[in-house]
Structures are given as structure tokens and as C-alpha cells.
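Written out below as C-alpha cells is the structure these notes cover.
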4 protein chains.
Amino acid sequence: MVYRRTPAVVTRLEDNRSRILAAARDLVAEGGWQHAHVASVARKAGVATGTVYRYFPSKAELFAEVLANVSRRERDVVAAIVDGEGTPSVRLRGAVEAFAKRALQGRRLAYALIAEPCEPEIDRARLVWRGALCEEFVRIIEIGQQQGSFRACDARIVGTCVVGAFMEALVGPLAPEDLGDDAVAQALIREISDTCLAIVALSRPAGRLRRIA
Amino acid sequence: MVYRRTPAVVTRLEDNRSRILAAARDLVAEGGWQHAHVASVARKAGVATGTVYRYFPSKAELFAEVLANVSRRERDVVAAIVDGEGTPSVRLRGAVEAFAKRALQGRRLAYALIAEPCEPEIDRARLVWRGALCEEFVRIIEIGQQQGSFRACDARIVGTCVVGAFMEALVGPLAPEDLGDDAVAQALIREISDTCLAIVALSRPAGRLRRIA
Amino acid sequence: MVYRRTPAVVTRLEDNRSRILAAARDLVAEGGWQHAHVASVARKAGVATGTVYRYFPSKAELFAEVLANVSRRERDVVAAIVDGEGTPSVRLRGAVEAFAKRALQGRRLAYALIAEPCEPEIDRARLVWRGALCEEFVRIIEIGQQQGSFRACDARIVGTCVVGAFMEALVGPLAPEDLGDDAVAQALIREISDTCLAIVALSRPAGRLRRIA
Amino acid sequence: MVYRRTPAVVTRLEDNRSRILAAARDLVAEGGWQHAHVASVARKAGVATGTVYRYFPSKAELFAEVLANVSRRERDVVAAIVDGEGTPSVRLRGAVEAFAKRALQGRRLAYALIAEPCEPEIDRARLVWRGALCEEFVRIIEIGQQQGSFRACDARIVGTCVVGAFMEALVGPLAPEDLGDDAVAQALIREISDTCLAIVALSRPAGRLRRIA
DNA sequence: AATGAATGAGAATTCATTCAT
DNA sequence: AATGAATGAATTCTCATTCAT
């Protein structure tokens, strides 16, 4: 009882909590939601199953926090770039490439967190963070529009398209699987960031050009 | 044997199989894979659970067929447009808009079939059809490139981006939910098809233009 | 209705009944009771599942009849030998060898009918026919005892032992599997019939001899 | 972890595992494999069905262990006698009688474990232990042959016959059912062991004696 | 008489959550 | 605070039997 406030125990508690979170994250990174059972998490964290429930009220909330932790980090990285130096184009390209590089390092995790839903409650958490990530892209698009670098468009919708485009090409089920070669990965990232820039580029789409001509 | 040829029985046989398929599809359309249990399908189809197994060897094969049926239809619609008349730009825009219109009519179903996985076996079927749909977009991009209407790029990657872009904006978790208003839906579709055209448009990306200039 | 008595239909009925019985027997001969489903029987017999129930009130009664048919034939063969010519020893040996030869021609069937139980109701039928077969061996033992050729013993118990001995060696799970070679089969049958004769031979068992000596 | 060493918990763990095994064994002893369902075992053991799966990965492995436990004990008893004192005849007789006495105490169980198959996986376990038991009888026969006490024969085949003979008379479907009377049981056992000795006795089979004479 | 689709009770197995220790 | 065994509802699949046609 008294111990509760002693740093040692707090550390211990935090230790356990962190280890459970880390174990959960690693499990998702390895096998997606399919194998992310509470018992597996506990085993990997080196605690008893019941202990998981001392720190998290339910499986869903545990994994929602896993998702939030990872997603927040990605969002922050992107946000820092959006708020950084350079033209809107440079920043948009930088944000896409930064996200891509990180996602490619842990694609299974990225896929699970981004695209692979399972329980509705976890899905809700995903929605929040996917929205937060998208928001950053909406922001840079709006900045670009204000500066006259990007074409006029509904930034919210186009931002969603940008996110969809690079995610699908990076971690979607149709994304190339053999990215062991760094050069191949670099080329993929380049192509994707070119594509995302094209989405917001000033020039009118080809279809309209013709019609006008 | 003899009965097989009587229209009444043929109808009846087809009826049940179709009703099971329809029930399965509707269930997915309503609640995603989460609630797509064999027992629910049977109840909704008005048959016994065992009857489901007369027509489908397993739950996975039933839902794989649901997925294939819907997906094939979408793929065929898109393919017809890709093989149709008009400039590559007109055709790409047409394909995107046709898919969008249809997807918006049953977004929950579209989402489940496109993005929401569950059992690995069903997932495999999804992959096939998602790949087939993507292939159509790759094709029109390549046609556009050959005719000089679209920019030089890796058609496969960019095709994936196009698919990701419009799917995310249409049925992804960030897609707008209140599309009851037809005008709003029309505007969304327009914006998405503009965006997809922008992806392949001839003009060089804005980011590079600046740098060069 | 009227047709019922016309020979053609009677033939047809008998035809169907026989085909169902034959199909059932063949199925057991191929895969034991494990795969002896009513639907499989019907398919193999070329009739509808429901038709099986026109001729047999239940699965159990169908297979009980299969069992009875085959077993009766074996019993009759053995009975004929028991009632035939020759010394009791010759007849006992003949009966064992006749049974063995026939059993080896269809060991899966023999095993299923003799040793592999499944449903209690079928088991009851097996009991009857196994008893009938055993009875023939009891008879020949008693004849041998009356003629002073066989040792004094409880013919019923020893008859059971004889049946157990040759069945175990012939179709039991420990029986040799590779009897493709006729010479090997011949040797096995010889050894078994020697053994069965030894069971009833006049000489006192070795254990007693020693003690007396 | 810590608890594991406290006797109370060890007892408890062992208790439940044992109770499940005992319940499974009793269920087989009462009704054979027919009524040996996981749910019944759990009910009889006083635990939830899920608990069974904490201790055994599958129904088949649970019952395979039941079978192995009982069979190993029987095999060991027989092996000890085979490796014990006395002439081969005395030992063979002792082994048969020991097995018989034990088998008569739980005939339904003995029958189920010895003869009544059900699931192929359990069957495989049975085969192993039945073979192990048989092996002991083969061994004593070979010992007897080496010492000149038993007749020349294929020990493997004749060992199988011995096992078949006493099993059939003891627990086979033709074995007498009313063995409540100890005297009757004693007489049965005596007759069976006499018979098994006769199988290996030195004297030439009667059939041959006659012919030669 | 024949058909064979439909039935539905059952059986095995999983896993998030609880709770006595 | 930690443990981890126990729970049991939920889910998929099977197959003997029935019955409308």
C-alpha cells in the first residue's frame, strides 16, 4: 500500500505497462491482428494474462493504445515536416517520403495499423489517428493553395486521396513485396512522392486541356 | 434428375443458392465480416445452417464467392469503360466515376470487400479481385502513355496509387459519411476523378518545376 | 399402385435393394465404417438418399444386413466343412484355412465386419454372427472331443480362443500388412492353422508336464 | 511461477489434469468411445469444456493418453512377469492370468482400449500399445523356444494368436458376461491360460500326428 | 416409388475475461 | 500487485433422417 508511491514500484508498474504495450506492438508487427491474443501478449511480455487486465480494461483498449502510440509518432514526424522549411511542394514530398521510409521498415505493423481492421473498437482508434495523419496532409495542401503553388481543390478530399494513394502503394495488399533491395525501395518511394505531388500540381488535368483545346 | 429440367425446380435450386449468397452479401453490407457468421447467413436466407453447406463447402468459400461476384462486376464495368471509346483521359475519368457511383450505393459492402479483411482464405480471394481491378487502371494508364496523353511513370505503381486514392476517398474510414445529398456526392465524385486525372496528367510535378526554374 | 405386382417392378425393387446392399458392402470394404455414410451408399448405388430409406428403416439396419449377409456366407462355408468329411483335426484345419483364405481376399471388409465396431446397433448384429461362426468351431471341437481326438476342455471357451487366435492373426491390427506375395500368405495361413490345431491337441500343455514331472 | 512449487497448487493442477483423465477413462469404461465426448468428460470431471483444452490439445490426444496410461500399465505388468522367475511355461501362464485378472475388473474399458476403434488418431495410439503388449508375448515365446520348452514356430504370428485368443475369450463380444461369481471367473482364466499354453506346447499338432501315424 | 434438398441437433474447438489465491 | 487456471459463450461443420414434389 505504502509502496505504491515509492519510485521503485512506480517504475515496476510502468515497466510492466510498457512491456505489455511493446509486446502487443511486436505481436501485431509480426502477425497482424490475427495472432494478437491477450494470452500471447502476456506471454511475450513475461507477465500473467490477468496482469494485462490490471493495466488495460480490455483487449480493445490495449491495442487501441498500441495503435495510438505508433500513429502519433508518425503523425508527429509528418507534422514536423509540414511545419518546417521549404516550399509546399518540398514539404509535401518530404512528408510522403518520410512516412514511406518509416512504413517500409515495418510494413506488417504499418499494414495492420493502417489498413487491417479487426475489432470495431480498435477500428475507432485507428480512425482517429488516420484522421490526424490525413489532417497534416490537408494542412500542407491548404498552405500550398494559399501560396499559389497548388491547384484549387477541396483540400480535405484531395488530402484523403493523397493518403490513400501512398498507403495503397506502400502497404496495401497490392504493394510490391520484395523490397529487400534498397534501390528498388528508393525508386518506389520516388515514384510515390512524384505521384503525390502530381495530385496537387498546378497544371490542369489532361482531360480538361483537351476539352478546352 | 428429371426434376432438374423443370423450370420450377431449377428456379428453386438457384433460388436457395442465390438467397444464401444474397444473405451473405447483405450481412457483409450491413455489418462487415464481423457479423458474417454462417448461422446468421442461414437465418437471413431462411434456411437451416446445414443447407448452406449443401451449396458451399465452407464459410470461406461462400464469402469468397460473394466477394468474387461483387468484385467481378465492378471489374467488368471498369474494364468495359477502359476498352471503350474516348481519349484515355475520358476513359480514366469514366472508369473512376463509374466505380465511384456504384461504390457509393453500398459503401459498407464496398469497404468490406475492398479493405476489411478477416479470414486469410477470404483475404486471398480479395487480393485476386483487387488486383484485377487495379490491372484495369494500369491498362488505361499504359494506353494513355502510348498515345502520349499521360506522363511517363511506372504504370503499375501509379495505377496502385490511383486505386488507393479513389478508394480511400470513397469508402475508406475517412470518407465523408453524409452523402445523402446527391449534389454532395456528385461533387465528391468530380473531385476524385479530377484528382485521379491529375495523377497521370502530362505536366511535370510542381515541385520539380520550381527547382528547375 | 397396380404396378407393384408386375414382375418388372418387383425386379426393379429387388434390383435397387441389392444395389444398395452391394454399395454399402463395397464402401465398408473400401474404407471401413468411417466412410460408410448413407449419402455415399446412395451415390454409389445410383439412387437417391431417400430411396435407401424406402428399403431400410435406418442406417443401422442397412449395415446390419450387410454384415449379416457376409457373415452368413462365411458361417455357411465353415459349417459345411465342419459337417464334412475327415477327422476332426482335418476339418478344424480346413475350416480355419477356408476362413483365412476368404478373409485375406477382402481384409478391410473382414476387419470391419469382425473387429471394427461403430454404432451399437450394428455391433449387436455383429455379435450375433460372430457367435454363429464361433458356434461352428465349438461344434467341431465337441466332435473331436467325443471322438477322443481333442483334449478335454470347455469347448465354448476354447472355441472362442480359436476364433480370437486366427482373427487376430489374420485381420487384427497387428496382422502383417504385406500379403501381396501368395507364398507369404500361404505360410501365414499354415502357421495359423497349426496354431489352432495346437489349441485343441491332445497332449497336455507343457506347463503341466513339467509340474507332474 | 512461484506458486508452482507450493504443494497446494501442484496438487490442484495435477488434480484437475488427473480428474479429466480419470473422467475420460471412466466414461470410456462405461460406454466406450461412443459416449466419450469432450463435453461429457468436462461435466464428469466437474470442469468447463475449455479447461480440458488447457491440459490436452485435442480430444484425440486426451484419449490417446487415457489409452496409453492404461495400456502401459498392462504392458508393464506383463513385461515384469515375462522378465521374472520360473520356466517359460510358468511365466506365459502367469502373464496371461495377470492380464486376465486385471482385464476382468474393467471389461468395458479393456474392450474399448483393445478392440473398439473410433477416431483414427486414437486408433494409432492403440496400435502402438497393443503392439507393445503383443511384443511381450512374442518375447516369452522366443525364450521358451531357446530353452527348448516351446515348439518351433513363427513367434510373431503365434504371439499374435495368443493375444487374440485370450483377448477374445476375455473381453471380446463373445466373452461370457456374467462373471460376478469369482469361481466362474477363476475357471475361465484357468481355461484360457491352459489354452495359451497349449498353443506353444511342444507336442506336435494332432492333425499331423494322425496323418503320420 | 423415387427424388434429393432441407433439416437441425450435436460435436470439437477458441479465447476474452474473471477471480481465488 | 501478480498470478494463471478456469470459465463458457460462440462458432464452424457433419450427417442421419424427413418430406414435398
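Keep in mind it's a predicted model, so treat the numbers as computed, not measured. Chain identifiers are assigned alphabetically (A, B, ...) following the order of the sequence lines, protein sequences preceding nucleic acid strands; residue numbering begins at 1 within each chain.
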Inset, instruction - With sequence neighbours left out, write down each residue that passes side chain to side chain donor-acceptor pair (under 3.5 Å) with R107(C), or none if nothing qualifies. - result: none

Legend entry - With A24(C) via side chain to side chain contact (heavy atoms under 4.5 Å, CB included) - residues at least two apart: V41(C), L62(C), F63(C), V66(C)

Legend entry - Residues within residues 62-70 of chain B bordering DNA chain F, heavy-atom distance below 4.0 Å: none

Inset, instruction - Summarise how protein sits on nucleotides 7-14 of chain F as a single string, 5' to 3': B when a protein heavy atom is under 4.0 Å from the base, S for sugar-phosphate-only contact, - for no contact. - result: BBB-SSBB

Inset, instruction - Report the stems of DNA chain E as range-with-range entries sorted by first number; a stem here is at least three consecutive pairs, Watson-Crick or G-U wobble, both distances under 3.5 Å, and write none if there are none. - result: E:2-21 with F:2-21

Legend entry - Any Y53(D) side-chain heavy atom under 4.5 Å of V38(D) side chain: yes

Legend entry - Those residues that, when tested against T51(B), pass side chain to side chain contact (heavy atoms under 4.5 Å, CB included) (two or more places apart): N16(B), I20(B), V47(B), A48(B), Y55(B)

Legend entry - Whole angstrom value for the distance that separates P of dT13(E) from CD1 of I20(D): 14 Å

Legend entry - d(CZ, F56(C); C1', dA2(E)) in whole Å: 15 Å

Inset, instruction - Specify the separation, in whole Å, of atom CD of E61(D) and atom C1' of dA12(E). - result: 14 Å

Legend entry - Heavy-atom side-chain contact between F56(B) and L21(B) under 4.5 Å: yes

Inset, instruction - Name all residues meeting the side chain to side chain donor-acceptor pair (under 3.5 Å) criterion together with R124(B); count only those two or more places apart in sequence or in a different chain, and write none if there are none. - result: none

Inset, instruction - List for me each residue that meets side chain to side chain contact (heavy atoms under 4.5 Å, CB included) alongside A64(A), sequence neighbours excluded, and say none if there are none. - result: A125(A)

Inset, instruction - Write down the distance between CZ (R19(C)) and C1' (dA1(E)), rounded to a whole number of angstrom. - result: 14 Å

Inset, instruction - Please name all residues satisfying salt bridge (charged side-chain N to carboxylate O under 4.0 Å, His left out) with E30(D), sequence neighbours left out, ordered by chain then number. - result: K44(D)

Inset, instruction - Give the rounded distance in Å between these two atoms: CZ of R43(C) and P of dA5(E). - result: 12 Å

Inset, instruction - Can you sort out the partners of A29(A) under side chain to side chain contact (heavy atoms under 4.5 Å, CB included), two or more places apart, ordered by chain and number? - result: L109(A)

Inset, instruction - Any pair with a residue in residues 59-71 of chain D that passes side-chain hydrogen bond (donor to acceptor under 3.5 Å, both in side chains), sequence neighbours left out, goes on the list, sorted by first then second residue, please. - result: R17(D)-E65(D), K59(D)-E119(D), N69(D)-R72(D)

Inset, instruction - In whole angstrom, give the distance that lies between atom NE2 of H35(C) and atom C1' of dC15(F). - result: 13 Å

Inset, instruction - Only counting residues at least two apart or in another chain, list the ones meeting salt bridge (charged side-chain N to carboxylate O under 4.0 Å, His left out) with R108(C). - result: E116(C)

